[in-house]
Amino acid sequence: MERVVLVTGASGGVGLALCQRLLEEDGRIHLCIACRNEQKSEATRDLILASHPSAQVSTVEVDLGNLASVLRAARELRCRKLLHMLTTAEGIMTQTDRLNGDGLQEVFATNLFGHFVLVRQLQALLCGNEKPSRLIWTSSSNARESAFSLSDYQHAKGQESYSSSKYATDLTSVVLNRKFNGQGLYSSVVCPGLVMSNMTYRILPIFLWKLLMPIMWLIRFFAKTYTLTPYNGAEAHVWLFKQKPEYLDSLVKYHSCTSGLGRCYVEPRKMDVDEDTAEKFYQKLLELEEQTLEKYRDLLD
C-alpha cells in the first residue's frame with residue numbers, strides 16, 4: 001500500500017524542512033503539501049522537486065483558520081484517500097488573537113480546531129486500515145496547564161492564547177489515543193524547540209537578529225532546545241515517522257534537541273495533562289464542531 005503523508009504549514013519553517021527530511025528518509029512516499037493558497041503550494045512543490053525530482057508530490061489548498069477551507073480540503077483529500085497525516089501547525093511564542101470569520105478565536109482555530117475538524121472529516125480514512133495511521137501534532141514546551149481553562153478553552157479572555165492552544169493540543173492528542181488506538185489511529189505530540197523561521201524573524205528587526213544569533217548559537221551549549229534551524233526542529237517529527245506508533249507512550253511529548261556541537265536527537269518527556277480534563281475538552285470540541293459546521297452543510301457529505 002502506498003504510504004501517503006499530509007504536511008500542513010508546508011510552505012516554510014519546520015513544515016518545509018519536514019517535507020525535505022521525509023523524502024530523504026523514504027523517497028517512495030506520496031507527499032501531499034498543504035498551504036494557504038495555490039501560489040504557495042505550487043512554489044513549495046517546485047522547490048521540493050528541485051532537490052527530489054523523482055518524488056511524488058501533490059498539493060492541497062487549506063487555510064486551517066477558515067472552516068469552509070478546511071471542509072473543502074477534507075472533501076478533496078477523501079477523494080484522494082490519504083491514509084497518513086503529519087500536522088505541523090507552526091506558531092511562535094506569542095500571537096495576536098482576534099475573532100475570525102467563523103466567530104472563533106483565531107489562534108485556537110488555526111493551531112487546533114481547524115486541524116481537529118480536518119481529522120474528524122478524514123476519520124473514516126484514517127481508521128481501520130491494514131497499517132496504523134498516525135497524527136503528529138506540533139505542540140510547544142510553552143504549553144502550560146495554567147494558561148488553559150475549560151470554561152474559556154478558546155482563550156478569549158486571557159493573554160496567553162498560544163500557550164493555551166498548545167496545551168489544548170496536548171489534551172486532544174491524549175484523548176484521541178484513548179478513543180481511536182483500537183481502530184488503528186495513533187496520535188503523538190512533538191516540540192520543535194526554538195526555531196528561527198520567517199515567523200520568528202518578524203518579532204524583531206533583522207539587524208537585531210544578526211546581533212543576537214552568535215549569542216544564541218553559544219546558548220545552545222547550555223540549552224538543548226535551541227534547535228535554531230527548521231531542519232533541526234523537524235528532528236522529532238522525522239524520528240516519530242520511523243517508529244511503530246503502537247509502541248509509543250501516548251502521554252509523552254517528543255522534543256527535538258540539538259547539542260552544542262550540532263548533533264540532533266530526540267528527548268521524550270512526560271506531559272503534564274489530566275486525562276479527565278482531556279475527555280471533557282474533547283466533548284466541548286465535538287459540541288463546538290456541531291455548532292460551527294451547521295452553516296456548512298453543503299460542504300459536508
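Computed over heavy atoms, backbone and side chain alike; hydrogens, waters and symmetry mates excluded.
- To the nearest 0.5 Å, the span separating CG on Leu176 from CZ on Arg178 amounts to 11.0 Å.
- Within a 6.0 Å radius of CD in Glu290, no more than 12 heavy atoms belonging to other residues, nucleotides or ligands are found.
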Passes side chain to side chain donor-acceptor pair (under 3.5 Å), Ser69 versus Asn66? Steps please. CA-CA 5 Å; Ser69 175; Asn66 181 296; 5.1 Å; no
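- Side-chain atoms of Arg134 do not come within 3.5 Å of backbone N or O of Ser188 as any donor-acceptor pair.
- In plain terms, the two heavy atoms of Arg220 and Asn232 that are nearest each other are NH1-ND2, 3.6 Å.
- The nearest pair of heavy atoms linking Glu61 to Arg36 is CG-O, 3.5 Å.
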For the pair Gln20 and Glu24, evaluate side chain to side chain donor-acceptor pair (under 3.5 Å) and give the outcome as yes or no after the intermediate values. CA-CA 6 Å; Gln20 301 278 11; Glu24 290 171 8; over 6 Å; no
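- Rounding to the nearest 0.5 Å places CZ of Phe116 at 8.0 Å from CH2 of Trp137.
- No donor-acceptor pair under 3.5 Å is formed between the side chain of Arg78 and the backbone N or O of Leu125.
- Put simply, the side chain of Asn37 never gets that close to the backbone of Ser41: no donor and acceptor are under 3.5 Å apart.
- When only modelled atom types and interatomic distance are considered, Ser149 and Asp152 share no side-chain donor-acceptor pair under 3.5 Å.
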Could you walk me through whether His237 and Thr138 pass the side chain to side chain donor-acceptor pair (under 3.5 Å) check? CA-CA 8 Å; His237 297 81; Thr138 298; 2.8 Å; yes
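- Note on Glu246 versus Lys131: no salt bridge recorded, every NZ/NE/NH1/NH2 to OD/OE distance being 4.0 Å or above.
- Nearest heavy atoms, Ala74 versus Leu122: O-CD2, 3.7 Å.
- Nearest approach of Ala236 to Ser256, heavy atoms of both residues: N-OG, 2.8 Å.
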Please walk me through it: do Asp170 and Lys166 pass salt bridge (Lys or Arg N to Asp or Glu O under 4.0 Å)? CA-CA 6 Å; Asp170 295 351; Lys166 292 304 183 181; over 6 Å; no
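- Here the CD-CG distance, from Glu279 to Leu171, works out to 11.0 Å after rounding to the nearest 0.5 Å.
- Transitive grouping of hydrophobic side chains (ILVMFWY, heavy atoms separated by less than 4.5 Å) keeps Tyr186 and Val4 in distinct clusters.
- Using a 4.5 Å heavy-atom threshold, the side chains of Ser173 and Asn177 count as touching.
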Does Val117 form a side-chain contact (heavy atoms from CB on, under 4.5 Å) with Arg120? I'd like the steps, not just the answer. CA-CA 5 Å; Val117 171; Arg120 290 271 295 161; 5.5 Å; no
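- Considering every non-hydrogen atom in both Ala73 and Val60, the closest pair reads CB-CG2, 3.9 Å.
- Using a 4.5 Å cut-off on side-chain heavy atoms (C-beta onward), Thr8 and His115 make contact.
- Residues Ile33 and Cys19 form a side-chain contact, since some pair of their non-hydrogen atoms from C-beta on lies under 4.5 Å apart.
- Panel note: side chain Ser133, backbone His84; no donor-acceptor pair is recorded below 3.5 Å.
- Taking the side chain as every heavy atom from C-beta outward, Val70 and Val62 approach each other to under 4.5 Å.
- The distance from the CG atom of Leu118 to the CG atom of Leu71 is 9.0 Å, given to the nearest 0.5 Å.
- Using a 30° and 60° split on the angle between ring planes, Tyr167 and Phe148 fall in the tilted class, from 30° to 60°.
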How far apart are the C-alpha atoms of Thr258 and Glu235, what are their side-chain angles, what is the distance that settles it, and do they pass the side-chain contact (heavy atoms from CB on, under 4.5 Å) test? CA-CA 9 Å; Thr258 309; Glu235 182 70 18; over 6 Å; no
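- Interatomic distance, Ser187 OG to Phe180 CZ, rounded to the nearest 0.5 Å: 10.5 Å.
- Residues Ile29 and Leu49 fall within the same hydrophobic cluster, defined by Ile, Leu, Val, Met, Phe, Trp and Tyr side chains chained together at heavy-atom separations under 4.5 Å.
- Using a 4.5 Å cut-off on side-chain heavy atoms (C-beta onward), Ile48 and Leu16 make contact.
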Criterion side-chain contact (heavy atoms from CB on, under 4.5 Å) on Tyr296 and Leu67, from CA distance to verdict: CA-CA 8 Å; Tyr296 295 116; Leu67 289 179; 3.7 Å; yes
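- Counting all heavy atoms, side chain and backbone alike, Ala234 lies closest to Arg21 at C-NH1, 4.0 Å.
- A donor-acceptor pair under 3.5 Å is absent between the side-chain atoms of His155 and the main chain of Phe108, judged by distance alone.
- Using a 4.5 Å heavy-atom cutoff, the side chains of Arg80 and Cys32 are in contact.
- The environment of Glu38 atom CD is sparse: at most 12 non-hydrogen atoms of other residues, nucleotides or ligands sit within 6.0 angstrom.
- Within a 6.0 Å sphere centred on CD of Gln159, heavy atoms belonging to other residues, nucleotides or ligands number 12 at most.
- Put simply, Phe113 and Leu99 are part of two different groups of oily side chains (I, L, V, M, F, W, Y) that touch within less than 4.5 Å, one to the next.
- Between Leu22 and Leu86, some side-chain heavy-atom pair lies under the 4.5 Å cut-off.
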Step-by-step side-chain contact (heavy atoms from CB on, under 4.5 Å) determination, Leu135 to Leu126: CA-CA 9 Å; Leu135 305 170; Leu126 295 168; 4.2 Å; yes
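- Looking only at side-chain heavy atoms (C-beta outward), Gln105 and Lys157 stay at 4.5 Å or farther from each other.
- The same ILVMFWY cluster, assembled from side-chain heavy atoms under 4.5 Å apart, contains both Leu64 and Leu288.
- At least one donor-acceptor pair closer than 3.5 Å links the side chain of Asn100 to the backbone N or O of Gly65.
- Interatomic distance, Cys35 SG to Glu42 CD, rounded to the nearest 0.5 Å: 9.5 Å.
- The backbone N or O of Ser140 lies less than 3.5 Å from a partner atom in the side chain of Lys253, making a donor-acceptor pair.
- Under the 3.5 Å distance criterion, the side-chain polar atoms of Ser165 are matched with a main-chain donor or acceptor of Tyr162.
- Following chains of ILVMFWY side-chain contacts shorter than 4.5 Å, one cannot reach Tyr254 starting from Tyr265, and the two form parts of different hydrophobic clusters.
- Side-chain atoms of His255 and Thr225 include no donor-acceptor pair closer than 3.5 Å.
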